[in-house]
Amino acid sequence: MLADLGSCLLLAVALLGPGPRAQAMKGVKCGGVLSAPSGNFSSPNFPRLYPYDTECSWLIVVAEGSSVLLTFHAFDLEYHDTCSFDFLEIYNGASGDKGNLLGRFCGQVPPPPFSSSWHVMSVVFHSDKHVASRGFSAGYQKDVCGGVLTGLSGVLTSPEYPSNYPNNVECRWVIRATGPATIKLVFMDFQVEGNAECTYDYVAVLGGPGPAHGHHYCGSTRPPTLVSMGHELQVVFKSDFNIGGRGFKAYYFSGECQEVYTSMRGNFSSPRYPSSYPNNIRCHWTVRLPAGYRIKIFFLDLDLEGPNSLTRTCDFDHLVAFDGASEEAPLLGSWCGHRLPPPVTSSLNQLLLLLHTDLSTTRRGFSVAYIGGQLGWREWARWPGENGVVPMNVSCSRKYVQILISAQTLAPLERTKVYLGSRSCAAQEVGSNFRIQARFDTCGTESQRRNNTSVIVSVLYIDFSTSEQDDIHEYEVLCEPRRKEASVHLLSGSDWLGPYAATVEHLQEAPPRAEMDTLESRVAMVAQDTSDIIFLGLCILAGVLMVIAIVVLMLL
């Protein structure tokens with residue numbers, strides 16, 4: 001009997017105690033600085049099970065001017081759909097800055113090869129207090145000539161650029177965009193030994209349309225800007241046994257870091273907006289309309305690293321607009337910090353917006369809307385105010401969305417011209433405001449999933465139409481019921497804004513609580529979150545019933 005009791009106690013200690021493998025984690029040394037031109041590293045105990053509750057960080061540093069190519073030989077970590085338990089994080093630079101994060105991985109599918117856009121890369125391994133697997137094994141190498149590039153943007157140069165490249169060299173870069181996105185390649189400098197058919201030294205681009213598909217470039221004429229047909233582009237550089245040149249320098253832009261817009265109106269934002277944008281990127285957005293049109297850009301939000309404290313110039317992260325399709329076009333403006341710039345207008349039918357970020361400090365980024373028009377410059381200059389977007393305040397509860405717009409802003413528009421989803425959900429005139437308050441199951445709202453988050457999507461219409469011209473503005477209204485957060489985005493507006501145009505500076509995608517309180521104080525009826533009241537009532541009722549049940553049992 002005592003032996004059985006002792007066995008039970010030992011089993012209890014084994015089940016409830018930390019166990020030998022959990023204790024083995026104490027004193028585990030892992031991570032460090034890897035500075036050799038190439039090397040290998042792995043999780044602790046690999047290929048045996050890694051210890052619990054462990055965090056390792058490797059900082060890979062190679063020669064300045066080089067990049068790091070990271071590949072995985074084996075990978076087996078505890079799986080979770082969001083990798084919240086055991087995971088591996090890869091950073092394009094230092095791990096302390098979340099803007100550098102390239103990805104978080106778990107499970108048994110190895111991460112793809114990664115190439116940094118500069119000479120530093122970080123890898124962080126984390127395990128929790130439960131469930132262990134074999135871990136991972138990886139290798140890295142200094143990548144000065146070719147490699148796999150998976151970042152949003154980066155730079156390619158010939159070996160030893162801007163000095164003359166060596167003889168008998170062959171480099172192959174594979175640029176891969178995530179998802180179905182395309183890749184844009186822009187050559188900034190080009191000087192390669194030339195001949196009629198580019199058979200000696202050359203740069204070949206594979207995976208693009210037309211002449212870019214396998215075409216060779218040489219000489220001193222820069223190749224045109226090239227866009228891939230799919231999500232992968234290959235660049236090959238080859239030199240023969242004699243005669244060289246300065247070589248080339250090119251930037252690539254992929255995924256959400258490069259877009260070309262051809263519709264008459266639209267909006268776009270920095271990568272990962274409103275979360276922090278990545279470090280060390282150069283992103284291109286081009287608006288290209290038919291000949292005879294001009295483009296007007298409205299800044300809805302701007303939050304970049306501030307100017308240099310000594311020079312007061314935008315030397316770090318900055319947003320630049322060019323009056324044309326390339327960086328050689330006239331400059332329309334350069335901005336940083338968080339002060340909203342006024343709208344800018346192109347003189348012709350193309351406009352380029354470029355975002356440059358450095359190796360430290362990231363912020364929210366930017367959001368802009370644009371409209372194209374055939375009006376002449378003088379006509380545009382006579383438009384009232386800074387035209388574009390109607391100012392409004394949007395708030396959400398767990399079941400309702402509420403929209404408030406100053407009636408004075410839309411005067412002399414009638415309330416029936418402002419509606420959510422359909423004209424049957426028109427605004428009410430309450431005090432000096434137009435107000436729409438609607439449940440999520442009415443007025444054409446629908447539930448969607450965006451960035452792994454459940455949101456309620458509605459479309460707000462403001463009808464400025466006249467007898468001569470149709471003119472209906474559309475706004476997308478997004479609600480996150482759990483967080484009770486709301487945002488609004490311009491979907492479309494007319495080329496002619498008429499006398500009803502409002503200033504873009506007042507648009508707030510998530511209005512401060514103080515301003516909402518000020519607006520709502522003017523409204524006779526203040527909406528309450530009925531779902532919270534119902535929930536509280538149910539809790540009180542349950543408590544009362546429990547007390548009654550206890551009293552009845554005691555009496556029995």
Side-chain angles (χ1 to χ4, degrees), residues 59 61-68 91-102 116-122 149 151-157 161-162 184 186-189 249-254 256-259 268-286 297-344 346 351-368 505:
L59 181 67
V61 183
V62 296
E64 192 167 352
S66 305
S67 60
V68 180
Y91 292 85
N92 181 33
S95 60
D97 196 332
K98 293 300 180 183
N100 289 338
L101 182 64
L102 294 173
S116 66
S117 58
W118 58 308
H119 68 291
V120 177
M121 178 178 276
S122 299
L149 306 172
L152 286 174
S153 69
V155 60
L156 284 69
T157 61
Y161 176 88
K184 181 163 69 173
V186 181
F187 286 88
M188 304 302 294
D189 189 17
K249 179 180 181 180
Y251 290 109
Y252 74 87
F253 311 90
S254 69
E256 57 183 331
C257 203
Q258 72 86 20
E259 295 288 349
F268 53 91
S269 56
S270 51
R272 304 178 186 170
Y273 178 88
S275 300
S276 296
Y277 49 77
N279 286 120
N280 201 35
I281 59 172
R282 288 172 59 90
C283 295
H284 270 195
W285 294 271
T286 304
I297 295 279
F298 304 97
F299 294 85
L300 308 182
D301 189 17
L302 184 72
D303 183 21
L304 305 177
E305 183 179 4
N308 187 319
S309 59
L310 297 177
T311 63
R312 307 307 302 168
T313 55
C314 296
D315 299 331
F316 309 129
D317 300 351
H318 56 271
L319 185 67
V320 187
F322 297 93
D323 192 9
S326 72
E327 296 179 46
E328 284 77 27
L331 185 68
L332 289 173
S334 178
W335 307 278
C336 58
H338 57 269
R339 184 175 181 180
L340 279 181
V344 295
S346 68
L351 185 145
L352 172 66
L353 213 59
L354 182 147
L355 173 66
H356 170 83
T357 69
D358 61 11
L359 303 176
S360 64
T361 309
T362 62
R363 303 205 184 280
R364 189 170 62 248
F366 74 88
S367 176
V368 300
E505 283 82 359

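- Nearest heavy-atom pair, Ser270 versus Gly365, reported as atom, atom and distance to 0.1 Å: OG-CA, 3.3 Å.
- When the side-chain contact (heavy atoms from CB on, under 4.5 Å) test is applied to Ser269, the partners found at least two apart in sequence or on another chain are Tyr273, Ser367.
- Atom SG of residue Cys336 and atom CG of residue Asp303 lie 11.0 Å apart, to the nearest 0.5 angstrom.
- The structure places OG of Ser95 at 7.5 Å from CG of Leu59, a figure rounded to the nearest 0.5 Å.
- Tyr252 and Val155 make their closest contact through CE2-N, 4.1 Å (heavy atoms, listed as atom of the first residue, atom of the second, distance).
- Here the CG-CZ distance, from Leu300 to Phe366, works out to 10.5 Å after rounding to the nearest 0.5 Å.
- Taking the side-chain contact (heavy atoms from CB on, under 4.5 Å) definition, one finds that Pro271 meets it with Leu152, Glu256, Pro278, Ile281, Cys283, Trp285, Leu355, sequence neighbours left out.
- With sequence neighbours excluded, the residues satisfying side-chain contact (heavy atoms from CB on, under 4.5 Å) with Glu305 are Tyr277, Phe316, Asp317, Asp358, Thr361.
- Thr286 OG1 to Phe322 CZ: the interatomic distance, rounded to the nearest 0.5 Å, is 11.0 Å.
- Taking the side chain as every heavy atom from C-beta outward, Asn92 and Asn279 never approach each other to under 4.5 Å.
- Not a single salt bridge (Lys or Arg N to Asp or Glu O under 4.0 Å) links Asp323 to another residue, sequence neighbours left out.
- Counting only distance, with no hydrogens or angles, the side chain of Ser122 and the backbone of Gly93 share a donor-acceptor pair below 3.5 Å.
- In this structure, CG on Leu302 lies 8.5 Å from CZ on Arg364, to the nearest 0.5 angstrom.
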**side-chain contact (heavy atoms from CB on, under 4.5 Å) evaluation trace for Thr157 with Lys249** = CA-CA 4 Å; Thr157 61; Lys249 179 180 181 180; 3.9 Å; yes
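- When the side-chain hydrogen bond (donor to acceptor under 3.5 Å, both in side chains) test is applied to Ser309, no partner is found at least two apart in sequence or on another chain.
- A pairwise comparison of heavy atoms in Asn308 and Thr311 identifies CB-OG1, 3.2 Å as the closest pair.
- One finds the CG atom of Asp315 at 10.0 Å from the NE2 atom of His356 (value rounded to the nearest 0.5 Å).
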Determine all donor-acceptor pairs shorter than 3.5 Å in which one atom belongs to a side chain in residues 324-333; sequence neighbours excluded.
residue, atom, partner, partner atom, Å
Ser326, OG, Glu328, N, 3.3
Ser326, OG, Glu328, OE1, 3.2
Glu327, OE1, Arg282, NH2, 2.9
Glu327, OE2, Arg282, NH2, 2.8
Glu327, OE2, His284, NE2, 3.2

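- Within the structure, no pair that satisfies the side chain to side chain donor-acceptor pair (under 3.5 Å) test touches residues 333-344, not counting sequence neighbours.
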